[in-house]
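Here is the structure we will look at, set down as structure tokens.
Letters A, B, ... are given to chains in the order of the sequence lines, protein chains preceding strands, and every chain is numbered from 1. Keep in mind the model is a prediction, meaning the values are calculated, not measured.
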Amino acid sequence: MDISSYDWGLIWDYRGDLLRGLLTALEVSGVALVIATAAGLGLAMLRMGRAPLSWLAVVYINVFRGMPALVTVIWIYFGVSLLLGVNFSVFQAGVIALSLLYSAFMAEIFRSALQAVPPGHREAGLALGMPNGRIFFSVVAPQAFKIALPNVGSMFIGMIKDTSTFTVIGLLEVVRVTQNINAQTFQPFVLYTAAAAIYVLAAFVIDIFFRLAEASLSSPPRGRVSQLVRGRKQRRIQALVAELT
Amino acid sequence: MNTLEPSGPPTPVVHPSAPVATDPAPVLATTGDPTPPVVRIRQLRKSFGSLEVLHGIDLDVHAGEHVVLFGPSGSGKSTVLRSINLLEEPNSGSVCVDGVEYGPGVAGEPRVKRGKPMALRRKVGMVFQQFNLFPHLTALDNVSLPLRSVKGMSSEDAMRKAAESLRQVGLLERAAHYPGQLSGGQQQRVAIARALSQDPKVMLFDEPTSALDPELVGEVLRVMHELADAGMTMVVVTHELGFAREIGDLNVFMDQGAIVETGSSELFDNPTNPRTQDFIRAVR
Ligand SMILES: Nc1ncnc2c1ncn2[C@@H]1O[C@H](COP(=O)(O)OP(=O)(O)OP(=O)(O)O)[C@@H](O)[C@H]1O
Ligand SMILES: [Mg+2]
């Protein structure tokens, strides 16, 4: 095939299908991100807590950190569904697979973030007579969340890439869509270049989003949006100071 | 008047695990004021694992008194301080603050009802060497958060009370700053304001100026001096013996997990125990 026979216009012609594929990947990953974040936080607490629950958490984390996405989704869709007698939709199977896998990673991310908060801050809270729960939610968690955020962003990018393996169960994500178009047009170079570009662009946008979120959580807040939101509080303090001086 | 020897209890107990170098008779650190003490520590022992680091501490702090703890590194000063607000759980003995008692109790005395750690902590303010401000909150919110969560104040009331506390340490105009935007001395003053705003019965200071650049020490000591002059009950661990001499009503020399010698400011001029003499000579 020489250069002139590459039909780059195909990408534009099939833009609707390709974007719908990306949207599906984002949906599966987005739902799984919420579940994996919550479950990961729970696992991190178990992991840092008492035996034997902490051992269970360790086993879970080590099993699912080691499993490839491809194996997991086949195991869920064809295996676990038989075992439980439930017919998962491909969407559900994808969400379950990603949630299982990434909650294990999230647990480690949250554990190290929680441990990165200086113990003195917790002690200061205790010394002030604050209850443990309040210390966690108002002192430790906000700091840990900011520390964890960039890694959570990386996990989200990883999830989107892993959805590419869900083509095996027939999820209409980017790769499956690309395969379908290629079956009709026989332009693998063009189409898979487009698929690759879609993943790279998605990762790029997500990275920027998480960077902005991180900047807005820094103290003092950086960036316009966060200054608008958190600046209100500061202006209220400044007004009070002006009133008192 | 400061008594150097205990008048009544505690009874001398020679504990097998106490190091040989420790004096056999435990020293009760007290000014001898007959009123009931705000802080009363009796036969306090503390171990980390199998290592006992406090071998029976007896200390009285009365209302308005300024007690200075000093001594070599590792002698247990911080552990005594951290036991007063139960950041360290006593292994034996008792800690009593303003009538709330906690701990396994004193050998030979009838068991009393032991209080909850939280109830005791709320009577005690603590200032740490490393400030321990919450970095994600403004100076004002560092002070107002515990007012809301411990005292249940409304956001508006807590803000006003916090602002008053910041004014007290001379930092009202920095209320909207984050800890990262403040100097070490300013951060420590915010930490003092935060502890003060809880209206504690006693304030504990654990080497509050040790983490500061030399030129910032003065501003923190000045705030502490004002507090002392205003009659606040204080227990201060410090290596600033000049400052100790100025404010200390009762100066307590600790070594190897025990109180060795106590006295008024003349302790710094005429220590009687050879270990106190060595230490003061070395520091000077
Ligand atoms: N959490 C802990 N675990 C184990 N050992 C500890 C712990 N905290 C303190 N120790 C030990 O207890 C002893 C007393 O420590 P402490 O911190 O009370 O001394 P200090 O007089 O405050 O010393 P410094 O002047 O260095 O602050 C030391 O031997 C120390 O190593
Ligand atoms: Mg210390």
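Contact annotation for residues 25-61 of chain A against chain B (heavy-atom separation below 4.5 Å): no residues qualify.
Interface remark: B:Arg160 contributes backbone and side-chain atoms alike to the contact with chain A (heavy atom separation under 4.5 Å). If you measure heavy-atom distances from B:Arg167 to chain A, the contacts under 4.5 Å come from the side chain alone. For B:Ser149, the parts lying near chain A are the backbone and the side chain together; criterion is any non-hydrogen pair under 4.5 Å. Looking at B:Leu172, the atoms closer than 4.5 Å to chain A (heavy atoms on both sides) sit in the backbone and in the side chain alike. Contacts between A:Arg235 and chain B at a heavy-atom distance below 4.5 Å are absent for every atom of the residue. Contacts between A:Lys233 and chain B at a heavy-atom distance below 4.5 Å involve the side chain alone, from C-beta outward. For chain B, the nearby part of A:Leu240 is the side chain; its heavy atoms alone come within less than 4.5 Å. Proximity to chain A (any heavy atom under 4.5 Å) is shown, for B:Glu156, by both the backbone and the side chain. For a residue to count as touching a neighbouring chain, one of its non-hydrogen atoms must lie under 4.5 Å from one of that chain's; by this rule A:Pro220 touches chain B with backbone and side chain alike.
Using a distance-only test at 3.5 Å, with no hydrogens or angles considered, a donor-acceptor pair links the side chain of A:Gln234 to the main chain of B:Ala176. For the pair A:Asp162 (side chain) and A:Ala69 (backbone), a donor-acceptor distance under 3.5 Å is absent. Side chain of B:Asn91 to main chain of B:Ser47: a donor-acceptor pair is present (N/O by atom type, distance under 3.5 Å, no hydrogens or angles).
Residues B:Gln188 and B:Leu133 are not in side-chain contact: their nearest non-hydrogen atoms beyond the backbone lie 4.5 Å or more apart. The shortest side-chain heavy-atom distance between B:Met224 and B:Phe205 falls under the 4.5 Å cut-off.
Each of B:Gln181, B:Lys151, B:Lys123, B:Gln198 has some count of heavy-atom pairs under 4.5 Å with chain A, and the biggest count is that of B:Gln181. Between chain A and the options B:Pro117, B:Gly180, B:Pro135, heavy-atom pairs under 4.5 Å are most frequent for B:Pro135. Listed options A:Gln238, A:Arg134, A:Lys146 were ranked by heavy-atom pairs under 4.5 angstrom with chain B; first place goes to A:Arg134. The most heavy-atom pairs under 4.5 Å with chain B, out of A:Pro221, A:Gly120, A:Pro142, A:Gly125, come from A:Gly120.
In the model, A:Asn132 has a side-chain atom that pairs as donor or acceptor with a side-chain atom of A:Arg122 under 3.5 Å. Side-chain contact of A:Ser216 with A:Arg211: a donor-acceptor pair under 3.5 Å is absent, judged by distance alone. Under 3.5 Å, the side chains of A:Gln92 and A:Tyr77 contain no donor-acceptor pair of N or O atoms. Side-chain polar atoms of B:Ser94 and B:Glu101 form a donor-acceptor pair below 3.5 angstrom.
Classification of the A:His121-B:Phe134 ring pair by plane angle, with boundaries at 30° and 60°, yields perpendicular.
The two residues A:Ser138 and B:His136 have their closest heavy-atom pair at O-NE2, 2.8 Å.
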### Task
Show the numbers, then the answer: is there a salt bridge (charged side-chain N to carboxylate O under 4.0 Å, His left out) between B:Glu219 and B:Arg189?
CA-CA 8 Å; B:Glu219 62 186 79; B:Arg189 284 150 66 197; 2.5 Å; yes
